[in-house]
Undergrad: 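I'd like to ask some things about the structure below.
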Amino acid sequence: MSPTSQARPAAASSAGPFDIAREEARLLARCDALAEAAVRGGADEAESYGTRSETTAVRFEKGDLKLAQVDEGATIGLRVFREKRLGFASTNQDASDSIASTAKDALALASFAPPHAANVLPAPRPVPRRPSLVQPALANLGVDAVVDLGVSMLERVRTFDARISIDSASCELTRVTHAVRTAGGNASARAAESDAMLSFSVFGMAIDGEDVGGFHYGGDALRTVDEIEPALALLLEEFTRVTVGNLGAGRAETYRGPVLFSPDALLELFVSPLVSAASAVAVQRGRSALAGKVGESIAASLLDVADDPTDAELAGASSFDREGQPVARFPIVSKGVLQSFLYNGYAAAVEGRASTGHASGGPRSVPGLSPHALVVGAGNGGKRADLEKALGRGLYVQRFSGTVDPASGDFSGVAKSARWIEGGVPVRSLKETLLSGNAFALLHRIVALSSQSERCSGSARAPYAIVDDISVTAG
């Protein structure tokens, strides 16, 4: 099979064209049957949540095609409340008797659970109908097209530079439908939505004789055919530049001061612990450094963080959450001030308030709590090169490998694919360099953000950032 630079939209998926209306109707019908069976069996309230997915996956190892396959399946989870006692069961069986047995299992488990006042479903609210997340031209790409795209990705990397060794790579097309139905009491939520995304990733290093550069990773996810070529070109250019740039690594310098972080590193080191601490469950269980700080300044006034499931370019885009609650852009931090905590139905019931639409998870477990699509606002610091000039001299971190304690905010680890900045420009790649600090304290030390936020692996947006008072130890 000859590699091509673009996928072939004409090839149909082996699973057939993606019939959105049919898939949503079928899944909703099973969710209806399961929730209603639970109420007939004695549940005070019942919630059924189901997903049906079809994935065309192409994976490569050591530069060679490892597998190409199409997987499909459906799972429905049932959560019931009886006398404030919780029971949960799930099934991936299509047989009609699986509905009755799943309802029976969930109700039986509820009889053994302790009661809790917050074991109630959130009051239903209308779900706005947004534009479809499915572009048929992408959703119906065939297996051959996905294989061609994966092969092309590897061939183009080799064309860029023969020193690059691909450890693993993948290209996946996922078509998914999810649906929710609640019944009993005041519960009457009913909604379904479909999605189709193409994702690709590449992981490898550069080898030049005895000089072996550090590993680097790149990935993205998208929903339209028109995005494939520019997104893939951008990914491969960045992956090649960084991987080859990791050769000839030298030492950093030990200091305490400003460090330039890539969007990915900013998200992992500073935004992730912030959002984890903004979980109402973490606050209620005494595990949040942000408890009691709503309305207070918790970061530099440059920082804006929001959850935006209305952003159709991000993987977490959706119209409703795991509990059927409508979702919308939700500010977490604005100009450095903490705006609100994130609530799912359970956390909201504990405080006698409404859910913020942040129930998360799949049909194999009860709902969790997390954001859908994080967006960190840009600043006015210009491009990355402008921030390098502003830094002048110091460390640029592209990836971080280490630990970040979500409760305390303490972090310690190694800067990966790092560069030393001298005279406002990168002058060398670096051997392993240690970083440490406290994420919550350092939120106040953000001194500059780039003027544009970049999409990170298709799931979030964030800018480059200079953060002061970082402890850097040369390896």
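No hydrogens, no waters, no symmetry mates; every other heavy atom, side chains included, goes into these values. Computed from a predicted structure; not experimentally measured.
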Undergrad: Any chance CD of Glu24 has more than 12 other-residue heavy atoms, nucleotides or ligands included, within less than 6.0 Å?
TA: yes
Undergrad: Any idea how His116 and Tyr346 line up, ring-wise: parallel (<30°), tilted (30 to 60°), or perpendicular (>60°)?
TA: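 Because their plane-to-plane angle lies in the 30° to 60° range, the rings of His116 and Tyr346 count as tilted.
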Undergrad: Could you check whether atom CZ of Arg241 has more than 12 heavy atoms from other residues, nucleotides or ligands sitting under 6.0 Å from it?
TA: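 More than 12 within 6.0 Å, yes.
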Undergrad: Is Met197 close to Asp195 at the side-chain level, that is, under 4.5 Å between some pair of heavy atoms?
TA: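 Touching, per the 4.5 Å side-chain cut-off.
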Undergrad: State whether a side-chain donor-acceptor pair under 3.5 Å links Thr310 with Asp308.
TA: yes
Undergrad: Hey, mind stepping through Thr91 and Arg364 against side chain to side chain contact (heavy atoms under 4.5 Å, CB included) and telling me if it holds?
TA: CA-CA 8 Å; Thr91 180; Arg364 296 184 183 276; over 6 Å; no
Undergrad: Within the 3.5 Å criterion, strictly below it, is a donor on Ser201 or Ser170 matched to an acceptor on the partner's side chain?
TA: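 Ser170 and Ser201 do have a side-chain donor-acceptor pair below 3.5 Å.
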Undergrad: Rounded to the nearest 0.5 Å, what separates atom CZ in Phe112 from atom CZ in Arg85?
TA: 11.0 Å
Undergrad: Looking at side-chain heavy atoms only, is the closest gap between Leu314 and Leu374 below 4.5 Å?
TA: no
Undergrad: Return yes if a side-chain donor-acceptor contact under 3.5 Å exists between Glu193 and Ser319, otherwise no.
TA: yes
Undergrad: Is there a side-chain hydrogen bond (donor to acceptor under 3.5 Å, both in side chains) between Ser417 and Asn246? Walk through the geometry before answering.
TA: CA-CA 6 Å; Ser417 297; Asn246 285 343; 3.2 Å; yes
Undergrad: What do the steps show when you test Ser98 against Arg30 for side chain to side chain contact (heavy atoms under 4.5 Å, CB included), and what is the final call?
TA: CA-CA 10 Å; Ser98 68; Arg30 286 187 59 76; 3.5 Å; yes
Undergrad: If you apply the rule ring pair (Phe, Tyr, Trp, His ring centres under 6.0 Å), what do you find for Phe440 with Phe270, and how did you get there?
TA: CA-CA 7 Å; Phe440 297 118; Phe270 302 103; over 10 Å; no
Undergrad: Is it the case that Ser360 and Ser370 place a side-chain donor and acceptor less than 3.5 Å from each other?
TA: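 The criterion, which ignores hydrogens and geometry beyond distance, is satisfied for Ser370 and Ser360.
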Undergrad: Over all heavy atoms of both residues, which pair between Ala347 and Leu369 is shortest? Give the atoms and the distance, please.
TA: CB-CD1, 4.1 Å
Undergrad: Would you say Asn380 and Ser451 are linked by a side-chain donor-acceptor pair, where the criterion is simply a distance under 3.5 Å?
TA: no
Undergrad: Hey, what do you get for CG (Asn119) to CZ (Phe81), rounding to the nearest 0.5 Å?
TA: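 Atom-to-atom, Asn119:CG and Phe81:CZ are 4.5 Å apart.
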Undergrad: Validate the cation-pi geometry between Arg353 and Tyr343: distance from NZ or CZ to the six-membered ring centre under 6.0 Å, angle to the ring axis within 45°.
TA: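 Relative to the ring axis of Tyr343, which defines the angle, Arg353 lies inside both limits.
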Undergrad: What I want to find out is whether Asp220 reaches Arg455 closely enough, with some N-O distance under 4.0 Å, to be called a salt bridge.
TA: yes
Undergrad: For the pair Phe411 and Phe400, name the ring-plane relationship: parallel under 30°, tilted 30 to 60°, perpendicular over 60°.
TA: perpendicular
Undergrad: Does some side-chain heavy atom of Leu274 sit less than 4.5 Å from a side-chain heavy atom of Leu303?
TA: yes
Undergrad: To the nearest 0.5 angstrom, please state how far the OG atom of Ser194 sits from the CD1 atom of Ile20.
TA: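 It comes to 5.5 Å.
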Undergrad: Should the pair Arg223-Glu227 be classified as a salt bridge under the 4.0 Å nitrogen-to-oxygen rule?
TA: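 Result for this pair is no, no salt bridge flagged.
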Undergrad: List the steps and the verdict of salt bridge (Lys or Arg N to Asp or Glu O under 4.0 Å) for Glu72 and Arg52.
TA: CA-CA 7 Å; Glu72 59 181 290; Arg52 178 174 176 78; 2.9 Å; yes
Undergrad: Donor-acceptor check, side chain of Glu172 to backbone of Ser199, threshold 3.5 angstrom: yes or no?
TA: no
Undergrad: Would you say that Asn92 contacts Thr75 through its side chain, given a criterion of any heavy-atom pair below 4.5 Å between the two side chains?
TA: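 Yes, at least one pair of side-chain atoms sits under 4.5 Å.
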Undergrad: Could you verify whether a donor N or O on one side chain and an acceptor N or O on the other, from His372 and Asp321, lie under 3.5 Å apart?
TA: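 Side-chain D/A pair, His372 to Asp321: absent.
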Undergrad: Does Ala348 offer a backbone N or O that forms a donor-acceptor pair with the side chain of Ser355 under 3.5 Å?
TA: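 No, because the side chain of Ser355 does not come within donor-acceptor range (under 3.5 Å) of the backbone of Ala348.
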Undergrad: Could you report the tightest heavy-atom contact between Ala179 and Ala192, atom names first, then the distance?
TA: CB-CB, 3.9 Å
Undergrad: Go through the structure and list residues passing ring-ring contact (aromatic ring centres under 6.0 Å, His included) with Phe341, not counting sequence neighbours.
TA: none
Undergrad: Between the side chains of Asp32 and Arg190, is the shortest nitrogen-to-carboxylate-oxygen separation below 4.0 Å, so that they form an ion pair?
TA: yes
Undergrad: Working note: Leu149 + Ile228, criterion side chain to side chain contact (heavy atoms under 4.5 Å, CB included); need CA distance, chi angles, decisive distance, verdict.
TA: CA-CA 9 Å; Leu149 185 58; Ile228 295 176; 3.9 Å; yes
Undergrad: Could you check if a side-chain atom of Glu36 sits within less than 4.5 angstrom of a side-chain atom of Arg181, using non-hydrogen atoms only?
TA: yes
Undergrad: Please determine whether a side-chain nitrogen of the Lys or Arg among Arg399 and Glu268 lies less than 4.0 Å from a carboxylate oxygen of the Asp or Glu.
TA: no
Undergrad: How long is the gap from CG on Leu222 to CG on Leu138, to the nearest 0.5 Å?
TA: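 It comes to 6.5 Å.
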Undergrad: Hey, are the side chains of Ile298 and Val337 touching, using non-hydrogen atoms and a 4.5 Å cut-off?
TA: no
Undergrad: Of the non-hydrogen atoms in Ala418 and Leu395, which two are nearest, and what is the gap between them?
TA: CB-CD1, 3.9 Å
Undergrad: Do Pro367 and Arg79 have side chains that get closer than 4.5 Å, going by heavy atoms?
TA: yes
Undergrad: Is any side-chain heavy atom of Leu342 closer than 4.5 Å to a side-chain heavy atom of Ile332?
TA: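 Leu342 vs Ile332: side chains touch.
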Undergrad: Tell me the closest heavy-atom pair linking Ala349 and Val120, and the distance in Å.
TA: CB-CG2, 3.9 Å
Undergrad: Strictly by modelled atom types, are Gln398 and His216 linked by a side-chain donor-acceptor pair under 3.5 Å?
TA: no
Undergrad: Walk me through it: do Ile76 and Thr102 pass the test side chain to side chain contact (heavy atoms under 4.5 Å, CB included)?
TA: CA-CA 9 Å; Ile76 301 179; Thr102 302; over 6 Å; no
Undergrad: Under a 4.0 Å threshold between the charged nitrogen and the carboxylate oxygen, would Glu432 count as salt-bridged to Lys416?
TA: yes
Undergrad: Run the salt bridge (Lys or Arg N to Asp or Glu O under 4.0 Å) check on Arg256 and Asp469 step by step: do they pass?
TA: CA-CA 6 Å; Arg256 188 182 188 93; Asp469 205 28; 2.9 Å; yes
Undergrad: Could you check whether Arg461 pairs with Asp311 (Lys NZ or Arg NE/NH1/NH2 to Asp/Glu carboxylate O, under 4.0 Å)?
TA: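 Here Arg461 pairs with Asp311 in a salt bridge, since their nearest N and O are under 4.0 Å apart.
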Undergrad: Between Arg322 and Glu47 (salt bridge meaning N to carboxylate O under 4.0 Å), is one present in this structure?
TA: yes
Undergrad: Going from CD on Glu54 to OG1 on Thr177, what distance comes out if it is rounded to the nearest 0.5 angstrom?
TA: 8.0 Å
Undergrad: Please find the pair of heavy atoms, one from Gly377 and one from Leu449, that lie closest to each other, and give the distance.
TA: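 Smallest heavy-atom distance, with atoms named: O-CD1, 3.8 Å.
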Undergrad: Taking it one step at a time, do Phe215 and Phe203 satisfy ring pair (Phe, Tyr, Trp, His ring centres under 6.0 Å)?
TA: CA-CA 7 Å; Phe215 280 105; Phe203 179 73; 4.8 Å; yes
Undergrad: Can you measure from CG (Leu391) to OH (Tyr464) and round to the nearest 0.5 angstrom?
TA: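 Atom-to-atom, Leu391:CG and Tyr464:OH are 14.0 Å apart.
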Undergrad: Taking only residues two or more places apart in sequence, or in another chain, which ones meet Asp386 in a salt bridge (Lys or Arg N to Asp or Glu O under 4.0 Å)?
TA: none
Undergrad: Work out which heavy atom in Ala38 is nearest to a heavy atom in Leu78; give both atom names and the distance.
TA: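 Where Ala38 meets Leu78 most closely, the heavy atoms are CB-CD2, 3.9 Å.
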Undergrad: List in chain and number order the residues that pass salt bridge (Lys or Arg N to Asp or Glu O under 4.0 Å) with Arg419, two or more places apart in sequence or in another chain; answer none if no residue qualifies.
TA: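 Arg419 satisfies salt bridge (Lys or Arg N to Asp or Glu O under 4.0 Å) with no other residue.
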